[in-house]
Protein chains: 2
Amino acid sequence: MSERQPTLRERRRFETRRLVQAHAVRLFTDHGYDAVTVADVAEAAGVSAMTVYRHFPTKEDLVLIDQPAQLIAEQVAASSATQPLVRRVGGALIDAATALTGGNGDEPEANERFLLDCLRLMVSTPALRARHLDSQYALQQAIVDALGGDATDPDAAFRAQAATSACMAAMHTALTRWTEDDGHTKLPDLVTRALAASFGDDAVATYRKG
Amino acid sequence: MSERQPTLRERRRFETRRLVQAHAVRLFTDHGYDAVTVADVAEAAGVSAMTVYRHFPTKEDLVLIDQPAQLIAEQVAASSATQPLVRRVGGALIDAATALTGGNGDEPEANERFLLDCLRLMVSTPALRARHLDSQYALQQAIVDALGGDATDPDAAFRAQAATSACMAAMHTALTRWTEDDGHTKLPDLVTRALAASFGDDAVATYRKG
DNA sequence: ATCCAAGTGTTAGTTACTAACGTGATGGTA
DNA sequence: TACCATCACGTTAGTAACTAACACTTGGAT
């Protein structure tokens with residue numbers, strides 16, 4: 001029971017943050033990312049522009065969502081080192097996709113709706129797409145570290161980088177397709193299919209049959 | 001002989017463009033990308049800030065280099081459709097790497113030196129890295145189009161996207177490693193190894209043995 | 001009740017970038 | 001050779017994304 005309930009200030013802070021982000025995504029979706037200024041977002045949310053920057057360092061961060069990097073890294077670190085690289089990383093990504101979307105029915109819920117709105121913006125807006133790709137790149141570094149290969153072997157490190165980046169790319173393709181389908185296709189399935197298209201069916205066989 | 005020689009105006013224009021870019025990369029390398037303003041670059045090059053923007057739409061474009069997208073796309077389109085996707089795309093990328101670096105001795109020449117300076121900045125500076133990744137993403141779309149799969153089959157299109165993005169990611173890993181090695185390792189070899197690490201040795205066998 | 005710090009607002013900057021207009025040199029043409 | 005349209009560049013004014021510094025209000029602990 002180390003879970004202490006959040007104080008009033010924390011709740012307020014979190015609430016304004018959520019409010020600002022919700023208004024931002026709505027305005028961006030309605031009028032386009034470039035056509036909406038940070039001042040517009042602030043006014044819609046009923047706060048000052050400075051407050052927006054206090055919660056989100058840049059305008060782009062209003063849309064970018066934190067990927068469960070910690071979760072994925074732990075999953076990778078826990079996987080058996082005897083398996084091929086793409087299977088270790090790919091398996092973790094499939095599990096992360098399952099955790100992210102709940103993996104239940106075919107109708108996305110409210111939380112998923114917001115995620116889809118953000119992803120749509122990320123795919124269609126160049127500035128956001130670039131930042132999103134770079135955050136995936138950061139996640140890639142975390143995964144490579146979690147793979148825990150022999151740090152003294154530069155060739156092994158290179159192979160780990162290459163395999164991981166390829167897996168991340170497949171994941172990104174699945175995410176893009178997921179937004180195009182408006183979340184109606186199950187994300188873990190899309191990730192699995194993307195990995196299979198890249199690395200062959202046998203590379204993800206255990207996940208398809210299990 | 002449809003090659004008409006460039007007029008004086010064109011030569012002057014190209015020269016100022018080259019001058020501005022050279023000063024920019026030098027200043028960015030010496031003092032860091034963020035610490036140097038566009039006005040600084042303009043002053044160093046002996047032009048006005050407006051002239052910089054006339055040649056380079058954004059500050060980032062001072063460093064970003066055009067990828068030989070056209071070349072790669074044609075190569076992909078010309079490859080045999082009976083081969084696996086990753087081999088078609090991977091082969092084109094290896095060929096492009098060969099064309100880009102000349103593929104001669106181990107000591108990089110002047111042109112390659114500049115390319116390496118730009119790549120170093122792209123890897124180390126977040127804003128540039130993001131833009132670079134997005135330009136690779138644009139190239140990916142061109143490659144997928146060049147693959148020319150059945151446009152009416154969404155599943156085939158999805159597999160093409162996944163396989164291509166994974167190849168591009170391996171290519172990026174090779175580029176990163178190439179800059180870390182200061183261009184002393186042959187780029188085509190690095191690309192080949194990155195592809196092999198992702199998709200298995202047999203996926204690029206013809207290129208390793210041939 | 002009191003004090004501290006967190007959250008917010010306000011103001012004044014810097015910098016990337018755009019739009020509009022003026023100027024001098026260049027290149028084709030009469 | 002004379003003319004003029006166009007191109008490259010400069011100047012100025014403006015917008016918008018941020019940043020720094022300071023003041024104010026309010027929640028939370030003593």
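A, B, ... follow the sequence lines: proteins, then strands. Residue 1 opens every chain.
Residue E15(A) contributes atom CD, which lies 21 Å from atom P of dA6(C) at whole-angstrom precision. Between the CG atom of D34(B) and the C1' atom of dC18(D) there is a distance of 12 Å, given to the nearest Å. Rounded to whole Å, atom P of dA17(D) lies 15 Å from atom CZ of R131(A). If you take CD of E10(B) and P of dC9(D), they are 13 Å apart, rounded to a whole angstrom. Rounded to whole angstrom, the span from the OH atom of Y53(B) across to the P atom of dA20(C) amounts to 18 Å. Between the NZ atom of K59(B) and the C1' atom of dT18(C) there is a distance of 18 Å, rounded to whole Å. Distance D61(B) CG to dT18(C) P: 10 Å, rounded to the nearest Å. Atom CZ in F56(A) sits roughly 15 Å away from atom C1' in dT8(C) (whole-Å rounding).
Side-chain atoms of R54(A) and base atoms of dG9(C) include a donor and an acceptor less than 3.5 Å apart.
Rounding to the nearest 0.5 angstrom, the gap separating the CG atom in D134(A) from the OG1 atom in T125(B) is 10.5 Å.
Taking 4.5 Å as the limit, some side-chain heavy atom of V47(B) sits within range of a side-chain heavy atom of V52(B). Counting heavy atoms from C-beta on, the side chains of E15(B) and R12(B) never come closer than 4.5 Å.
Side-chain proximity of T37(A) to dC18(D), dG9(C), dA16(D): nearest is dA16(D). Each of dA8(D), dG27(D), dA20(D) was ranked by its minimum atom distance to the side chain of L8(A); first place goes to dG27(D).
Phosphate proximity of dG27(C) to T7(B): present, with a side-chain N or O under 4.0 Å from OP1 or OP2. Residue R17(B) has no polar side-chain atom (N or O) positioned under 4.0 Å from OP1 or OP2 of dA8(D). The side chain of R9(B) contributes no N or O atom lying less than 4.0 Å from OP1 or OP2 of dC9(D). Side-chain N/O atoms of H55(B) include one lying less than 4.0 angstrom from OP1 or OP2 on dC9(D). Checking the phosphate oxygens (OP1, OP2) of dC9(D), a side-chain nitrogen or oxygen of T16(B) falls inside 4.0 Å.
For the residue pair D95(A) and T98(A), no side-chain donor N or O sits within less than 3.5 Å of a side-chain acceptor on the partner.
Under a 3.5 Å cut-off, the side chain of Q21(A) and the backbone N or O of L62(A) do form a donor-acceptor pair.
Nearest-nucleotide assignment on DNA chain C puts the 5′-proximal partner with R12(A), out of A39(B) and R12(A).
At the heavy-atom level, V36(B) lies under 4.0 Å from the strands shown only through sugar-phosphate atoms.
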